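Notes for the one structure printed next.
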Amino acid sequence: MHAFLFSQFFFCSPPLVTPSVNPSPFSTFTISISPDISDSLFYISAQFSPECTVKRIDFVKQVPGTYCVMDAGRSVREITAFGKQKQVLQLNRTGHNTWTAPEPIDSLHYSVLESIQGPDEDSLFNPVYSGATVAKDHALINPYMVCCFSKHHLLKPAVITIHCPPDWSIATMLPQDSSGRFYAENFMQLFDSPILTGKLSHGAFRYRKRTFHIYTYHPGPKSLISDLLPLLRAAVRDMHAFSDFLPTPAYAFFITYNKEHVNRIGALEHNTSSCYWFPEENSKKAATYLPFIARHELFHTLIPLSLKGNRVSTFDYTSLNPVEHLWFYEGITEWAVFKMMLTEGSISTKDFILEFREKLLRALYDTPDSSLMLLSTLTVESNAAQRSLMPFYSKGMVLATLLDIEIRDQTNGKTGLMDVLTRMHKAYPASSHFFDSDLFTIISRFSSPGIHQFLTDYVQENKSLPVETTFRKIGIRYFPSRQNPYVQTDPGLLLKADNTTGRLIIKGIHPLVTQFGFQKDDTLQTFNGKEITKSNLDTLLGPLETLAPGTPYKMKVVRKNEELTISATTIFATVNHTFETGAPLSPRQRMLYTAWKTR
């Protein structure tokens with residue numbers, strides 16, 4: 001990219017430049033947003049260059065960063081094609097995302113339903129930050145959700161013009177010419193450049209000769225910019241201090257607070273920007289989440305947007321792209337968030353361990369029977385499969401933490417995981433890529449030969465994670481299970497609530513209560529004759545904490561559509577997967593612990 005400018009703002013007016021792209025683009029898109037947004041549609045016209053002979057157009061099936069099926073074509077409505085003589089062409093839809101014409105296409109007119117509506121009940125993507133959404137006073141557009149393309153012309157330049165209400169501002173990292181058109185040198189840049197438009201607020205700060213812009217939409221009178229500036233500045237500072245890497249010369253945070261879809265929180269990374277979505281009513285809670293999420297998205301500018309494997313580098317927008325090493329891209333990124341905060345003093349060792357424990361609990365109970373490599377190769381084709389991506393934020397972070405300590409141990413404290421990533425990035429800069437099949441060998445080459453076996457055991461295979469032995473190396477004690485000092489007894493069941501029904505599902509069973517007949521995935525119906533759900537769990541089970549072990553109770557459960565009543569007794573309450581610091585350290589433990597807490 002040759003220019004990184006913001007323009008058409010009422011709050012800032014940087015000088016306009018002429019982008020160094022072909023003055024005759026392959027595709028010219030006009031995206032119209034009506035002041036009357038009751039139909040929730042974007043109206044698009046696409047004009048192809050005169051020399052274009054394309055007879056097939058596509059919409060994306062999948063895009064980098066989401067690892068989910070998008071099938072943007074499902075949101076397309078009322079598409080009409082015109083030939084070189086301006087005649088209407090008969091389009092034939094040959095798939096979710098593909099249309100073909102009998103003659104070369106000159107232009108198209110079509111509308112796209114905002115993805116927040118969901119084209120059908122099996123929408124697989126989280127639409128609020130990775131789709132295209134429109135409201136009465138703002139819109140977020142990820143161009144890959146509204147712009148068609150020819151798979152054989154992805155390297156051709158494209159132009160976008162946005163028609164929106166006159167009191168709206170437009171924020172994007174695409175450069176703009178004096179006529180108001182936004183340019184992309186190719187479709188990869190176009191798809192990587194979200195557009196936030198509406199009644200926005202703006203702020204900016206400088207760090208290391210780079211400009212970081214903040215653009216927010218908030219339905220209330222407060223812009224929140226003054227609250228966000230120090231949080232995001234700290235995130236950028238930690239990212240640079242930890243990784244010695246920063247994004248491009250200009251970068252933008254697009255942050256939307258919305259009154260609708262209040263349960264949706266999320267973010268998506270891009271090379272020159274990142275998008276965030278928070279419920280408006282929980283703006284204070286959002287300020288708690290943002291420091292962590294922003295560091296996560298910033299670190300993604302290093303991996304996988306710069307340091308990446310061949311499958312990410314040669315992405316096919318028209319097909320499914322199973323990524324072999326999601327643990328590397330998402331797990332290490334999640335580790336980096338908390339490790340950079342630890343090394344830069346934003347959190348304590350205790351805080352880091354508490355986060356690690358939470359991730360460990362999720363990893364052990366969500367997908368205990370699947371290796372990270374197996375999970376990485378799953379093709380996401382349903383909402384249920386999409387939820388299987390979560391282990392990369394839990395088990396992936398756990399693995400990265402153990403890998404970091406193991407590398408320190410095998411290199412006598414001289415090298416950590418971040419050092420390895422830095423060396424890899426020098427060997428495989430943004431203009432290149434490594435081969436996925438070589439990743440274990442590459443990590444071992446830049447750390448220690450023994451790391452290859454570690455990765456084979458705990459990424460490719462599914463051996464029990466060496467939590468106790470690994471943390472002992474830095475003087476932190478790990479207890480798989482010990483008596484709870486605060487609670488006397490409990491039923492011996494690990495429960496997880498179903499987000500839809502609120503019913504409680506058994507996800508773990510203490511060995512001392514397996515004899516009573518409980519099975520994993522049993523759904524609880526009643527406890528001692530009273531209906532039990534997430535909302536009254538504490539009320540019904542709380543009194544057990546003060547009773548003696550061996551107190552009888554009855555539970556009615558549903559197992560494969562059959563109701564069963566199980567009689568059981570309570571056991572001594574235990575607390576699982578706890579850590580303890582502060583024990584005397586040997587000279588080697590002290591050396592490794594000190595090295596681990598540094599960059």
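None of these values were measured; they are calculated from a predicted model. Both backbone and side-chain heavy atoms feed into the values below; hydrogens, waters and symmetry mates do not. We count residues from 1, following the sequence as given.
You'll find the side chain of Val112 stays beyond 4.5 Å of the side chain of Ile141, heavy atoms only. The side-chain heavy atoms of Leu174 and Tyr183, taken from C-beta on, include no pair separated by under 4.5 Å. Between Phe446 and Ile443 there is no side-chain heavy-atom pair separated by less than 4.5 Å. Side chains of Phe434 and Leu307 form a contact here, defined as non-hydrogen atoms less than 4.5 Å apart. Put simply, the side chain of Val459 does not reach to within 4.5 Å of the side chain of Leu403, judged on heavy atoms. Counting heavy atoms from C-beta on, the side chains of Ser243 and Leu421 never come closer than 4.5 Å. In this structure, Thr598 and Arg408 have side chains that are in contact, with non-hydrogen atoms separated by less than 4.5 Å. Using a 4.5 Å heavy-atom cutoff, the side chains of Ile332 and His325 are not in contact.
Not a single donor-acceptor pair under 3.5 Å links the side chain of Tyr329 to the backbone N or O of His300. With hydrogens and angles ignored, the 3.5 Å screen pairs no side-chain donor or acceptor of Asp71 with any backbone N or O of His96. No donor-acceptor pair under 3.5 Å is formed between the side chain of Lys359 and the backbone N or O of Glu334. A donor-acceptor pair under 3.5 Å is formed between the side chain of Asp177 and the backbone N or O of Arg181. Between the side chain of Asn142 and the backbone N or O of Tyr144, no donor-acceptor pair lies under 3.5 Å. No side-chain donor-acceptor contact under 3.5 Å links Arg311 to the backbone of Glu324. Proximity of a side-chain donor or acceptor of Tyr207 to a complementary backbone N or O of Ala234 within less than 3.5 Å is not detected. With hydrogens and angles disregarded, a donor-acceptor distance shorter than 3.5 Å links the side chain of Glu297 to the backbone of Glu269. Counting only distance, with no hydrogens or angles, the side chain of Asn97 and the backbone of Asp58 share no donor-acceptor pair below 3.5 Å. A donor-acceptor distance shorter than 3.5 angstrom exists from the side chain of Ser371 to the backbone of Gln460, with no hydrogens or angles considered.
Taking CG of Leu200 as the reference point, atom OG1 of Thr216 lies at 7.0 Å (rounded to 0.5 Å). Put simply, CE on Met340 and CE on Met239 are 6.0 Å apart, with the number rounded to the nearest 0.5 Å. The CZ atom of Phe245 sits 4.5 Å away from the OG1 atom of Thr301 when rounded to the nearest 0.5 Å. Expressed to the nearest 0.5 Å, how far CE of Met70 lies from CZ of Phe59 amounts to 13.5 Å. Atom CG of Leu228 sits about 6.0 Å away from atom CG of Leu290, to the nearest 0.5 Å. The CG atom of Asn310 lies 4.0 Å from the CG atom of Asp436; values are rounded to the nearest 0.5 Å.
Checked against the 6.0 Å centroid criterion, the rings of Phe42 and Phe29 do not qualify as a close aromatic pair. A ring-centre distance under 6.0 Å is not found for Tyr110 and Trp99. The distance between the ring centers of Phe253 and Tyr251 falls below 6.0 angstrom. You'll find the ring centres of Phe191 and Tyr317 inside the 6.0 Å limit.
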CA sep, side-chain torsions, deciding dist, call: Thr98, Lys151, side-chain contact (heavy atoms from CB on, under 4.5 Å): CA-CA 11 Å; Thr98 304; Lys151 63 181 299 184; over 6 Å; no
Would you check, one step at a time, whether the test side-chain contact (heavy atoms from CB on, under 4.5 Å) holds for Leu232 with Phe212? CA-CA 9 Å; Leu232 294 173; Phe212 292 85; over 6 Å; no
side-chain contact (heavy atoms from CB on, under 4.5 Å) between Arg357 and Leu361, intermediate numbers included: CA-CA 6 Å; Arg357 178 178 182 268; Leu361 290 171; 3.7 Å; yes
With side-chain contact (heavy atoms from CB on, under 4.5 Å) as the test, would you mind laying out the steps for Val60 and Phe149 before giving the verdict? CA-CA 8 Å; Val60 298; Phe149 64 96; 3.8 Å; yes
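Among residues two or more places apart in sequence or in another chain, the side chain to side chain donor-acceptor pair (under 3.5 Å) test is passed with Thr411 by none. The side chain to side chain donor-acceptor pair (under 3.5 Å) check on Gln453 picks up Asp457, with sequence neighbours excluded. Applying the ring-ring contact (aromatic ring centres under 6.0 Å, His included) test to Phe299 and every residue at least two apart in sequence or in another chain returns nothing. When the salt bridge (charged side-chain N to carboxylate O under 4.0 Å, His left out) test is applied to Glu461, no partner is found at least two apart in sequence or on another chain.
Counting non-hydrogen atoms of other residues, nucleotides and ligands closer than 6.0 Å to CZ of Arg208 gives a total of 12 or fewer. Heavy atoms from other residues, nucleotides or ligands lying under 6.0 Å from NZ of Lys156 number 12 at most.
Counting all heavy atoms, side chain and backbone alike, Ile451 lies closest to Ser447 at CG1-OG, 3.5 Å. In terms of heavy atoms, Phe187 sits closest to Ser27 at CZ-OG, 3.5 Å. Scanning both residues, Glu114 and Val134, for their nearest heavy atoms gives OE1-N, 2.7 Å. Closest heavy-atom contact between Leu305 and Lys308: O-NZ, 4.0 Å. Closest of all the heavy-atom pairs between Cys148 and Phe48 is SG-CZ, 4.2 Å. Looking at every heavy atom in both residues, His452 comes nearest to Ser444 through N-OG, 2.9 Å.
Every pair passing side chain to side chain donor-acceptor pair (under 3.5 Å) that includes a residue from residues 416-428 is listed here, sequence neighbours excluded: Ser306-His425, Thr415-Arg423, Asp419-Arg599, Thr422-Arg599, Tyr428-Arg445. Among residues at least two apart or in separate chains, salt bridge (charged side-chain N to carboxylate O under 4.0 Å, His left out) pairs with a member in residues 237-246 are Asp238-Arg295.
Between Phe338 and the options Phe356, Phe292, Phe242, Tyr393, a ring pair (Phe, Tyr, Trp, His ring centres under 6.0 Å) holds for only Phe292.
Looking only at atom types and distance, the side chain of His270 has a donor-acceptor partner in the side chain of Asp192 under 3.5 Å away. Residues Tyr593 and Thr349 bring a donor and an acceptor atom of their side chains to less than 3.5 Å of each other.
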